[in-house]
Amino acid sequence: MQSREARRLKKSLAKPGKKTEADSLRRHPFLYIFSLSILVIIVVTFIGGPVLRGLGKSSSMVFGSWGGEEIKFTPGNYLSRQRDVLYDQLRESGTNQSYEWQAYRVWKGAYDRTVIHTAILVIGERSGLRVSEDRVDQALLTSGPYMVDGEFSEERYRNTSNADRYQYRKLVREDMLHQQFLQDLNHHGMYSTAAAEFFRNMAADERAFRFVRMTYADFPESEVVRFGKENERLFRKIKVSRITVRAGEDEASTIRGRIVDGTATFEDQAKNYSTDGYADKGGEMGWRAYYDLRSD
C-alpha cells in the first residue's frame, strides 16, 4: 500500500502528458516506497533525531527532544500540522522537483518549526508564562474547529469527542503561548547588561516638569489683571495692512519702492502681488492686537 506522503505528492505533482516519477511508482511500487521510507529515516537522522520509536500502538514517531520535551509526530499535533501546511505550500507552488526532495523539504521544514515551537514553550513555562483558561475559551468561541459560517456551533462541539476537544484546547493554548512569547520578545527585547546600561545613561540628562492645568473660568481673575498690567504692550491694537510675497527679498523691495515713491498704491500692489488671503481686500487685516502679530 502506498504511503500517505507518496499518494499526496503523486496527486499534486504529476502532470498529464509528461513522464514523471509517478511512472516509476507504477512500475516499481515496492522499490519506490522502500526508498521513500529510507529517505524519511535519513531526514530524521540528518536533522538530529537519533531515535525512531513508539510506532504501532501509539501511532507516533519520536524524532528527538528539546529541553527534556519530546519532539514527536502524532496525528493532529503541531509537527503534523506543520507538515500539512508545508505540503500545501509546495503543491500550490507548482514545483517540479523530485518526490524525494519534496519529502525532504517538507519533513525538515516541519521538524525545524517544531523545534523552535517546543523551545518557546519550554522557555515560556520556565519563565512563568501563562495563558488563562478564559482566553483559551474565548479563542475557541471565536475561531477554530467549532466554527460554522463564522459562528460557534454548539452542535459541532457536542459531536466532538472528549479526546479531540482536549487536543484542540491544547493546540490553541500552545499557539497562544507561542504568540505571547514572540510579542513579549519583540516589544521588550533581550539586551545585554552593557546595552541596558547604555540606554539608562541616555536618559540621565532628561528634565522633569510639574504643571497644573485648569480652565479659564477657574483661573484667578487677579492673576489675569496682573498679567495684563505687566504686559500692556502685548494688548495694544493697531490697524494693519500687509503684502505677502514668496519670490524673495528683491521682489519685496521692488514693491515697497513703488509704494514709497508714489508710483503705485499699497492696495493695488497687494491685489496684484500678495499671495495671502488679504490680497482681495487690498492687504487690509483690520485692527489687531500685538500678540496676534508676534509670528509675523
Side-chain angles (χ1 to χ4, degrees), residues 43-44 47-49 60-93 104-154 156-157 160-206 208:
V43 169
V44 174
I47 58 183
S60 65
M61 188 164 52
V62 178
F63 287 174
S65 65
W66 198 101
E69 291 293 324
E70 289 186 337
I71 299 174
K72 62 184 178 180
F73 177 90
T74 303
N77 73 349
Y78 187 86
L79 177 55
S80 171
R81 290 189 300 156
Q82 293 305 311
R83 183 203 60 175
D84 293 341
V85 168
L86 291 174
Y87 263 126
D88 293 337
Q89 290 177 355
L90 261 68
R91 185 178 66 250
E92 293 174 359
S93 68
Y104 171 80
R105 290 182 59 189
V106 167
W107 281 97
K108 185 179 186 304
Y111 181 86
D112 289 345
R113 291 184 181 186
T114 306
V115 170
I116 295 175
H117 178 71
T118 304
I120 286 176
L121 295 181
V122 172
I123 295 173
E125 182 178 1
R126 292 175 181 174
S127 64
L129 184 64
R130 296 289 184 271
V131 174
S132 69
E133 294 303 311
D134 288 342
R135 287 186 60 191
V136 177
D137 290 338
Q138 187 63 29
L140 289 170
L141 286 171
T142 56
S143 61
Y146 309 120
M147 304 299 290
V148 176
D149 296 331
E151 295 184 356
F152 179 81
S153 171
E154 293 186 10
R156 174 170 292 187
Y157 177 80
T160 303
S161 66
N162 290 334
D164 286 340
R165 290 182 190 176
Y166 173 81
Q167 181 72 4
Y168 293 149
R169 191 173 190 86
K170 181 174 180 292
L171 291 174
V172 168
R173 182 185 292 107
E174 289 181 353
D175 284 342
M176 296 179 73
L177 285 169
H178 190 128
Q179 295 303 320
Q180 185 65 53
F181 181 93
L182 295 180
Q183 181 178 353
D184 291 346
L185 183 64
N186 291 333
H187 284 187
H188 303 294
M190 301 178 106
Y191 305 107
S192 66
T193 302
E197 184 64 24
F198 172 77
F199 289 129
R200 279 195 295 269
N201 291 336
M202 288 177 63
D205 295 331
E206 289 183 355

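The analysis underlying the following values was restricted to heavy atoms, covering all of them including side chains, and did not include hydrogens, waters or symmetry mates.
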Do [X] and [Y] have side chains that approach each other closer than 4.5 Å (heavy atoms only, starting at C-beta)?
| X | Y | answer |
| --- | --- | --- |
| Y168 | T160 | yes |
| T114 | N77 | no |
| L86 | R105 | no |
| M176 | V172 | yes |
| V106 | Q82 | no |
| E133 | R173 | yes |
| I71 | Y78 | no |
| Q167 | T74 | no |

- Message: Heavy-atom count check: over 12 atoms from other residues, nucleotides or ligands less than 6.0 Å from Q89 CD?
- Response: yes
Note to self: Does Y166, at its OH atom, have more than 12 non-hydrogen atoms belonging to other residues, nucleotides or ligands within less than 6.0 Å?
What the structure shows: no
task = Check step by step if side chain to side chain contact (heavy atoms under 4.5 Å, CB included) holds for D137 and D134.
result = CA-CA 5 Å; D137 290 338; D134 288 342; 4.3 Å; yes
Could you grab the distance from atom [atom1] of [X] to atom [atom2] of [Y], nearest 0.5 Å is fine?
| X | Y | atom1 | atom2 | value |
| --- | --- | --- | --- | --- |
| D164 | L171 | CG | CG | 10.5 Å |
| L79 | H117 | CG | NE2 | 10.5 Å |
| R113 | T118 | CZ | OG1 | 14.0 Å |
| E174 | I120 | CD | CD1 | 11.5 Å |
| F181 | I123 | CZ | CD1 | 5.0 Å |

**Lys/Arg N to Asp/Glu carboxylate O, D88 vs R91, below 4.0 Å** = yes
message: Given the ring of Y157, does R165 sit roughly above its face, with NZ or CZ under 6.0 Å from the centre of the six-membered ring and within 45° of the axis?
response: yes
Atom pairs and distances, side-chain donor-acceptor, residues 143-151, under 3.5 Å, sequence neighbours left out:
residue, atom, partner, partner atom, Å
S143, OG, A139, O, 3.1

